[in-house]
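The structure appears right after this line, and notes come after that.
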Number of protein chains: 2
Amino acid sequence: MRIEIPRECERIGSLQIYGLQKVYELDGGEGPHEHDSVIERIPSEVLYDRMREMAIVVPVKNERLKLIEGVLVGIPSPCQVIVVSNSPRGPVDRFNLEKEALENYAKFTGKKILVVHQKDPGLAKAFVEAGYSELLDETGIVRSGKAEGMIVGTLLAKWLGKKYLGFVDSDNYFPGAVLEYVHEYAAGFAMNNTSNTFVRISWHSKPKIMESSIFFAKWGRSSVNSNMMLNRLLTHFSGFETEIVKTGNAGEHALTVDLALKLEYAAGYAVETHHFVNLLEKYGGLLASEDDEEVSEKVTICQIESRNPHMHESKGEDHVEDMIDASLSVIYHSDLCPELLRREIMENVRSRRGDESPKEIAPVKMYPSLSKIDMDTFLSCCDEALNFNLASVRT
Amino acid sequence: MRIEIPRECERIGSLQIYGLQKVYELDGGEGPHEHDSVIERIPSEVLYDRMREMAIVVPVKNERLKLIEGVLVGIPSPCQVIVVSNSPRGPVDRFNLEKEALENYAKFTGKKILVVHQKDPGLAKAFVEAGYSELLDETGIVRSGKAEGMIVGTLLAKWLGKKYLGFVDSDNYFPGAVLEYVHEYAAGFAMNNTSNTFVRISWHSKPKIMESSIFFAKWGRSSVNSNMMLNRLLTHFSGFETEIVKTGNAGEHALTVDLALKLEYAAGYAVETHHFVNLLEKYGGLLASEDDEEVSEKVTICQIESRNPHMHESKGEDHVEDMIDASLSVIYHSDLCPELLRREIMENVRSRRGDESPKEIAPVKMYPSLSKIDMDTFLSCCDEALNFNLASVRT
């Protein structure tokens, strides 16, 4: 992979946010890692070194098996795959079909795949015993939702002893785009060799159908709004207007497991935007911190612009307004958010929602940082739980 | 890359045609080449060994620069790129814009790119002096057309001392699909280590817009017809009905330079189908051959099913009937074609064209095998010609 080094950087406390980096070559070949130019050549060996320590979490819910298999074809062989499924177990046991299909695929490829159901009672037990019952619903199993699946995937990556953790959606039509995302995660970690690195992908474009031809849109409405407000927030603290944030709600992202275990998780559509806000809260040095040691650790956000268009299964766009509101909510309700920005967010809501606007944007459910989990207990519970019939483990 | 070994094979004389091979993993990692299973793992090192000896020819005509750059992003770094452009030189000098854009891109990436214009007078001179003036029009320059551009690209690959030669279209929207094709070419050469190997790609699917949603079509009408008739031709000689041919008009294909220099080229839409027919004519042992030595050389056609959908710029489908006719014409007019199949082809034409059908399908312009070229003369002419202002060479 050949990729430019960041041109810009915003520093807030110990958090550094790099500007968007452009990819010049998907496959840069083998040989030495070339650092000497503004375009860095990261050879395949270096990418593989990172990928061997990487888990790729694929949240699944009712996707067609053909699509899931395509995504797995795109994930490079050295990575450990973690499929966290929340597909229904009846009347048709969709999860069982998925598990069989993935086990079969793993036989053909020798691929390392861990498949687990989000509602696995053994998993729920592990969360209770480790002191993180926030994740469970009233019936005592893990709540539904993608953010909840991501938390499960994060802890399973820890259980498997991985150093890096990336997320990839299961509804991508192009295996080659999945491959690119994972290579970019590895490139980001190779370029930023710290224990607190966050790699976020900005899609090159998203093909849309407009009057029966294809149009390559650059920005979705949801991204536009969350990027704008995150940039306003940064501007407030730095005093310089900035447009550095381009990946406010990047579903395609990867981070070190160390960092993932320190972050809060917002439920629903807000999870990605909240990661940004939470990093500012924890490492920006702007709030009275509980933990001075934590604030002194350097954290790097690296944003990479992928080269493939992002083409995923269309499930309608009914919830765009809700998605935007959720993203803005985590900014609005952050202790960091100045009054001026709160007013601006409410104006934004009113301009989109008109008469339906609430007086104040509703807060989003939050899960506390995973640092509160008793990790030893959790991991030993996993050792038991993953021998349950709801999981298939291949490492 | 992880890819299955062929399940089937048709042998006709010294030509062997392998059945379609499925790809299980786009990136199989590094390490040893694993041959022991029915799924072969071809590690990146082995792919790079092939790609260093490979030229990728990209025929260009008026494509948008953004698209061309995307295609180059997808071509792996070790490959030599050969852009053969037939874009207009006035009133806007499109070719010059391309040359500048590619030179600039090469500066950023160190990519090896040779850019040449199909109408370069130095190139025409080389063809005349080497005894291959068939390629020139009445004004003494190389004719327009993609097949003609492919011939130019083939000889330039020879000039650059390459062993393998692959073709990639310049209007592909997904750099990741281009990357996949080139890796598959390399995998095909790694799996078939002979001096006469032909790798042909069958697209996984082609996204089409149907009633404002996207539908992934498996086979185009043009492929269906040429594959069917090529299979009929094979059936006639083997006595067993076969469906082995799946890549009758595969634009994405690669072959050893040795083999490319032995083949005839049909002009227009028929070039790919005619490669199949010409291989049968030359190596099938079915016609009284001029060259016994040639017939005894083993030739392998390897067909690989790509995993990415093929999404290219839509330029309308006005010419589908002409494309089908051209493909069928080279079968019809081959000395191999039995009378029964000729009747079947004419029925096919009539059922598609109705009253407009000709009594006999028109023959297609043919270029003789490149073996008739005086190679030493051609190459030394190239040494001069490519210092012309119409070319940019970076090797």
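Just so it is clear: chains get the letters A, B, ... in the order the sequence lines come, proteins before strands, and each one is counted from 1.
- The contact between A:Ile75 and chain B is made entirely by backbone atoms, counting heavy-atom distances below 4.5 Å.
- Both the backbone and the side chain of A:Pro175 come within less than 4.5 Å of a heavy atom in chain B.
- Chain B forms the most heavy-atom pairs under 4.5 Å with one residue out of A:Gly176, A:Pro78, A:Pro309, and that residue is A:Pro309.
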Under 3.5 Å, which donor-acceptor pairs link chain A to chain B? Give each pair on its own line with the distance.
from	atom 1	to	atom 2	distance (Å)
A:Arg2	NE	B:Thr109	O	3.1
A:Arg2	NH1	B:Thr109	O	3.0
A:Arg2	NH2	B:Ser77	OG	3.2
A:Arg2	NH2	B:Thr109	O	3.3
A:Tyr24	O	B:Tyr105	OH	2.4
A:Glu25	OE1	B:Ser77	OG	3.4
A:Glu25	OE2	B:Lys111	NZ	2.6
A:Leu26	N	B:Val73	O	3.0
A:Asp27	O	B:Ser77	N	2.8
A:Asp27	OD1	B:Tyr48	OH	2.6
A:Asp27	OD2	B:Tyr48	OH	3.4
A:Asp27	OD2	B:His183	NE2	2.8
A:Glu30	OE2	B:Arg52	NH1	2.9
A:Glu30	OE2	B:Arg52	NH2	3.3
A:Tyr48	OH	B:Asp27	OD1	2.6
A:Tyr48	OH	B:Asp27	OD2	3.4
A:Arg52	NH1	B:Glu30	OE2	2.9
A:Arg52	NH2	B:Glu30	OE2	3.3
A:Glu69	OE2	B:Arg307	NH2	2.9
A:Val73	O	B:Leu26	N	3.0
A:Ser77	N	B:Asp27	O	2.8
A:Ser77	OG	B:Arg2	NH2	3.2
A:Ser77	OG	B:Glu25	OE1	3.4
A:Tyr105	OH	B:Tyr24	O	2.4
A:Thr109	O	B:Arg2	NE	3.1
A:Thr109	O	B:Arg2	NH1	3.0
A:Thr109	O	B:Arg2	NH2	3.3
A:Lys111	NZ	B:Glu25	OE2	2.6
A:Gly176	N	B:Asn308	OD1	2.7
A:His183	NE2	B:Asp27	OD2	2.8
A:Arg307	NH2	B:Glu69	OE2	2.9
A:Asn308	OD1	B:Gly176	N	2.8

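- Contacts between A:Met51 and chain B at a heavy-atom distance below 4.5 Å involve the side chain alone, from C-beta outward.
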